[in-house]
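The structure appears right after this line, and notes come after that.
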There are 2 protein chains.
Amino acid sequence: METGRSLVDAVRERCGRCSGRSVSICNVIDDEDLPALVAESSRVTVPAGRCFIREGAPAHDFYVLAGGRAKLFSLMPDGRRQVMGFAELGDFLGLASSDTYAFTAEALGDVTLCRFPHSSIDRLVERFPRLRGRLQQEASSELVKMQARLMLLGRKTARERLASFLVEQASPCRLHGQELRDGHGPLTLPLPMSRTDIADYLGLTIETVSRTFGLFRKEGLITVQGASSVTLLAPGTLSDMANGIRKD
Amino acid sequence: METGRSLVDAVRERCGRCSGRSVSICNVIDDEDLPALVAESSRVTVPAGRCFIREGAPAHDFYVLAGGRAKLFSLMPDGRRQVMGFAELGDFLGLASSDTYAFTAEALGDVTLCRFPHSSIDRLVERFPRLRGRLQQEASSELVKMQARLMLLGRKTARERLASFLVEQASPCRLHGQELRDGHGPLTLPLPMSRTDIADYLGLTIETVSRTFGLFRKEGLITVQGASSVTLLAPGTLSDMANGIRKD
DNA sequence: CGAGCAGTTGAACTTGGTCAATGCAGGTGG
DNA sequence: CCACCTGCATTGACCAAGTTCAACTGCTCG
């Protein structure tokens, strides 16, 4: 249980700033319940690029993401892909759904998971009563985030989509509840996902994402360090653009 | 409470075939609990076109839709609209969310609602224990539906979107669980929403929706009676098209 | 050093959007 | 009862955002 101990610490440490931005995933880990909860689970480690949930497969287990990040997506028969979300430390995966998983989950880097059989939910909720409220609350906030994604995919331009994405990626990095404004200094983000993943998340092609990154760079809104790190030079402008308040 | 009685009957009668396709709305009415639940609520009637939930307003109450249909949407500052869903009899509105509503709800025709203060949820769940499970289950299935909508808005063509919409509208009309196949005869649907609403639901313009209806008509996939009634002549073909299996 | 891959850039093309004219039905008032 | 008005739907012509296809860059890893 040594790894269990450090896992608890890691999860606890990050819990305050989890964003829970992904599909059917909830930051439901309660500080006090956490050690016992982690002790209940079987631990799984997944190497980069491996799928640990497969769309359409029978949904026996659900997972808590305990290290690394994952992308969640579905495919159409001809290969078109839609990334539903990116899962972070503390997110719950595979809870929502019927008897089969609604999406595939693939490790972005190496990933650590706690696995629980679906059938144990009731028992867990009984043992950790606060879990129930957190689950409800997070399912609810997940629905609100989904609505923002519907607006993004249905109505926003490529620029607005990428700006929304950057602002969203920034939110776990800034202080809780603080607004994004220019002048609060530049904000550097890691982007652990590929351009292809970003494109499939935003309903665009990789080329459009790349071009739009280029435009933002030319316009002095961002700088790029390699392909997996961005600095937001004008977060407030990007935030306004994301919301359609500002066109450029 | 005379109206209460008939309301219960109406809701009960339709409950079996509710589709619950809308945002943060759940078909959570339990046959046995229903009369007492309805008796708890204050009744509201809303004329066609009136908004009874406003995006961004403080979320004091939640509603059960007890008659008619409503559209749920959000707006961007410049007026772009995204319709998040259409609410039907038995759907719950305004449950998911923080302290403000995430969308505007507008009556499509005349609408009847049961209103409950948000603060009474705990009490209701205590009194009707099965409500809790239904709420969870429906929130979960709502998330699954949302993922289908992300795929639609992010990756599907105009033809696929409209086909998906028609198939979705058809689902409450066919027998539970029955697949859509050609040869099961034509299927006539009411479309209580305007072309504009359909367009804003599908992330298209009204013109594209109109043109695509025209194409489907020319191709012998549908016939149209007025603007608010369609007959699916080849539901199986439409279903395949909706899923990207077939292009035409 | 070279292969392979992700990302970037450019040019042609396509889909769906924009703008504008026309059609159609329901409602109102003469 | 009919002319007119209004609002929604349809259709057409043109346009633009974003996609497609292809070449090229730069990086990492044998």
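Every chain is numbered from 1, with letters handed out A, B, ... down the list of sequences.
- The residue among A:Met193 and B:Gly203 whose nearest nucleotide of DNA chain C lies closer to the 5′ end is A:Met193.
- Rounded to whole Å, atom P of D:dT19 lies 11 Å from atom CG of A:Asp200.
- Considering every non-hydrogen atom in both A:Ser74 and B:Met151, the closest pair reads O-CE, 3.3 Å.
- Both tests pass for A:Arg195 against the ring of A:Phe213: distance under 6.0 Å to the centre and angle within 45° of the axis.
- When distances run from any side-chain atom of B:Thr208 to the nucleotides C:dG16, C:dT18, D:dT19, the shortest one goes to C:dG16.
- Distances from the side chain of B:Thr157 to the nucleotides C:dT8, D:dG18, C:dG16 place C:dG16 closest.
- Taking only distance into account, the side chain of B:Arg211 meets the base of D:dG12 through a donor-acceptor pair shorter than 3.5 Å.
- Between the CD atom of A:Glu207 and the P atom of D:dT19 there is a distance of 8 Å, rounded to whole Å.
- Between the CD atom of B:Gln225 and the P atom of C:dA25 there is a distance of 14 Å, rounded to whole Å.
- In this structure, the CD1 atom of B:Ile198 is 14 Å from the C1' atom of D:dT10, given to the nearest Å.
- We find that CZ of A:Phe213 is positioned 12 Å from P of C:dT9, with the value rounded to whole Å.
- With hydrogens and angles left out, the side chain of B:Arg159 and the base of C:dG16 share no donor-acceptor pair within 3.5 Å.
- Rounded to whole Å, atom P of D:dG18 lies 10 Å from atom CG of A:Leu215.
- Relative to the six-membered ring of A:Phe73, A:Arg81 meets both conditions, a distance below 6.0 Å and an angle of at most 45° to the axis.
- In this structure, CD1 of A:Ile206 is placed 12 Å from P of C:dT9, rounded to the nearest angstrom.
- One atom, CD of A:Glu160, and another, P of D:dG18, lie 9 Å apart when rounded to the nearest Å.
- Between B:Phe92 and B:Tyr63, the ring centre distance reaches or exceeds 6.0 Å.
- No N or O donor and acceptor, one from the side chain of B:Arg217 and one from the base of D:dT11, sit under 3.5 Å apart.
- A cation-pi geometry, defined here as NZ or CZ lying under 6.0 Å from the six-membered ring centre and within 45° of its normal, holds between A:Arg149 and A:Tyr201.
- Relative to the side chain of B:Ser210, the nucleotides C:dC19, D:dA9, D:dC21 differ in distance, and D:dA9 lies closest.
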